[in-house]
Amino acid sequence: MNQNIKIGQLIHRTCSIVDAYVNSQVSNKENGHLTAIEGRTLSFIVNQKQVVTAQDIMIMFHVSKASVSQTLSSLKEKNMIEVQPLMEDKRKKGIVATLKGIECEKNLSRQLDVIEKQLETNISGEEKQLLYQLLEKVVETVKEREKQNSL
């Protein structure tokens with residue numbers, strides 16, 4: 001590994017490579033030709049105990065309103081989700097998976113489990129634990145900096 005590369009660049013590059021690999025493996029007819037972000041969003045919607053809003057998705061994935069809107073529009077166009085006004089606040093929209101979306105998410109989840117195993121092939125349990133710890137430290141540091149910058 002090139003020690004001269006900055007950690008932010010390495011994380012970004014790693015994410016891009018993994019994202020491209022996941023897209024190439026899961027974007028097929030069986031999965032409704034979903035992109036990786038559409039698949040993650042659909043999985044989030046299906047696995048929540050309560051109705052999901054666009055705001056929930058923005059917070060979960062740390063993405064912009066425009067990005068969430070584009071992802072939801074695509075999922076809606078592919079008949080994976082429905083958007084409905086919330087009873088308690090008509091201004092907000094609840095997002096629920098359709099039966100097609102739920103079935104697709106099950107297939108996608110199985111495929112992602114296989115991909116996870118492939119990604120971990122050359123990583124020992126100890127290395128995996130260390131990787132989680134280091135990435136959590138990076139996330140904590142970024143969140144602390146964001147909090148300081150917003151004051």
Side-chain angles (χ1 to χ4, degrees), residues 1-78 80-81 83 93-151:
M1 177 72 47
N2 182 350
Q3 298 294 320
N4 295 328
I5 190 168
K6 294 181 177 166
I7 194 160
Q9 291 172 321
L10 179 60
I11 291 170
H12 181 67
R13 189 174 126 216
T14 303
C15 288
S16 296
I17 290 168
V18 171
D19 214 30
Y21 178 70
V22 170
N23 272 329
S24 73
Q25 298 300 301
V26 300
S27 185
N28 57 46
K29 189 174 182 179
E30 181 179 308
N31 293 327
H33 298 287
L34 298 180
T35 64
I37 189 62
E38 290 170 349
R40 285 192 293 271
T41 302
L42 181 61
S43 182
F44 177 70
I45 293 166
V46 168
N47 291 299
Q48 292 306 297
K49 302 291 185 238
Q50 71 274 359
V51 175
V52 173
T53 65
Q55 182 73 25
D56 297 328
I57 296 167
M58 287 172 53
I59 292 167
M60 175 62 186
F61 296 107
H62 210 265
V63 293
S64 69
K65 185 176 182 178
S67 180
V68 170
S69 180
Q70 182 180 15
T71 301
L72 293 177
S73 291
S74 181
L75 287 171
K76 190 174 177 184
E77 191 176 295
K78 294 174 181 179
M80 299 291 173
I81 62 166
V83 179
K93 306 284 188 227
I95 303 156
V96 295
T98 61
L99 289 177
K100 179 180 178 181
I102 292 168
E103 278 303 310
C104 182
E105 194 279 332
K106 285 179 190 174
N107 291 331
L108 191 58
S109 184
R110 283 191 293 272
Q111 280 188 296
L112 291 174
D113 286 345
V114 169
I115 291 169
E116 281 291 321
K117 285 185 176 86
Q118 292 170 348
L119 293 174
E120 296 173 8
T121 300
N122 296 318
I123 300 174
S124 72
E126 247 178 42
E127 290 170 326
K128 183 178 169 183
Q129 187 175 12
L130 179 60
L131 179 60
Y132 277 117
Q133 290 170 346
L134 294 172
L135 290 173
E136 281 298 321
K137 280 187 174 186
V138 171
V139 169
E140 286 173 28
T141 301
V142 170
K143 285 184 177 181
E144 285 174 21
R145 297 288 183 235
E146 283 179 335
K147 193 181 282 186
Q148 289 173 357
N149 291 337
S150 68
L151 297 177

For Asn122 and Glu127 the tightest heavy-atom approach is O-OE1, 3.8 Å
For Ile81 and Lys76 the tightest heavy-atom approach is CG1-N, 3.6 Å
- Taking C-beta and beyond as the side chain, do Leu131 and Leu135 meet within less than 4.5 Å on heavy atoms? yes
Checklist entry - Counting only heavy atoms not in Glu77, do more than 12 fall under 6.0 Å of its CD? => result no
When every non-hydrogen atom of Leu34 is compared with those of Leu42, the smallest separation belongs to CD1-CD2, 3.8 Å
Output, in order, the C-alpha distance, side-chain angles, deciding distance and verdict of salt bridge (Lys or Arg N to Asp or Glu O under 4.0 Å) for Lys106 and Glu103.
CA-CA 5 Å; Lys106 285 179 190 174; Glu103 278 303 310; 3.5 Å; yes
- Item | Any Glu126 side-chain heavy atom under 4.5 Å of Leu130 side chain | no
CE of Met58 to OG of Ser69, rounded to nearest 0.5 Å, is 10.5 Å
State whether a side-chain donor-acceptor pair under 3.5 Å links Asp56 with Thr53.
yes
Could you tell me whether Lys143 atom NZ has more than 12 heavy atoms of other residues or ligands within 6.0 Å of it?
no
Practice problem: Apply side-chain contact (heavy atoms from CB on, under 4.5 Å) to the pair Gln55 and Lys93, showing each step before the final yes or no. | Solution: CA-CA 10 Å; Gln55 182 73 25; Lys93 306 284 188 227; over 6 Å; no
Lys78 and His33 have their tightest heavy-atom pair at NZ-O, 2.9 Å
The reported gap from CD1 in Ile115 to CZ in Arg110 (rounded to nearest 0.5 angstrom) is 13.0 Å
d(Leu72 CG, Lys65 NZ) to nearest 0.5 Å is 11.5 Å
Exercise. Do any N or O atoms from the side chain of Ser67 and from the backbone of Ser64 form a donor-acceptor pair under 3.5 angstrom?
Worked result: no
Establish, from distance only, whether the side-chain atoms of Glu38 and Ser74 form a donor-acceptor pair under 3.5 Å. yes
Rounding to 0.5 Å, atoms CZ (Arg40) and CD1 (Ile37) come to a distance of 4.5 Å
d(Gln25 CD, Gln111 CD) to nearest 0.5 Å is 8.0 Å
On a heavy-atom basis, the closest approach of Ile95 and Ala54 is CD1-N, 3.6 Å
Smallest heavy-atom separation, Gly39 atom then Leu108 atom, equals CA-CD2, 3.3 Å
For Gln48, the side-chain hydrogen bond (donor to acceptor under 3.5 Å, both in side chains) test, sequence neighbours excluded, returns none
Value for OG (Ser150) from CZ (Arg145), rounded to nearest 0.5 Å, stands at 13.0 Å
Taking the basic N atoms (NZ, or NE/NH1/NH2) and the acidic carboxylate oxygens, is any pair closer than 4.0 Å for Glu120 and Lys117? no
Worksheet item: Can you check side-chain contact (heavy atoms from CB on, under 4.5 Å) on Ile45 and Ile57, steps first, answer last?
Response: CA-CA 8 Å; Ile45 293 166; Ile57 296 167; 4.2 Å; yes
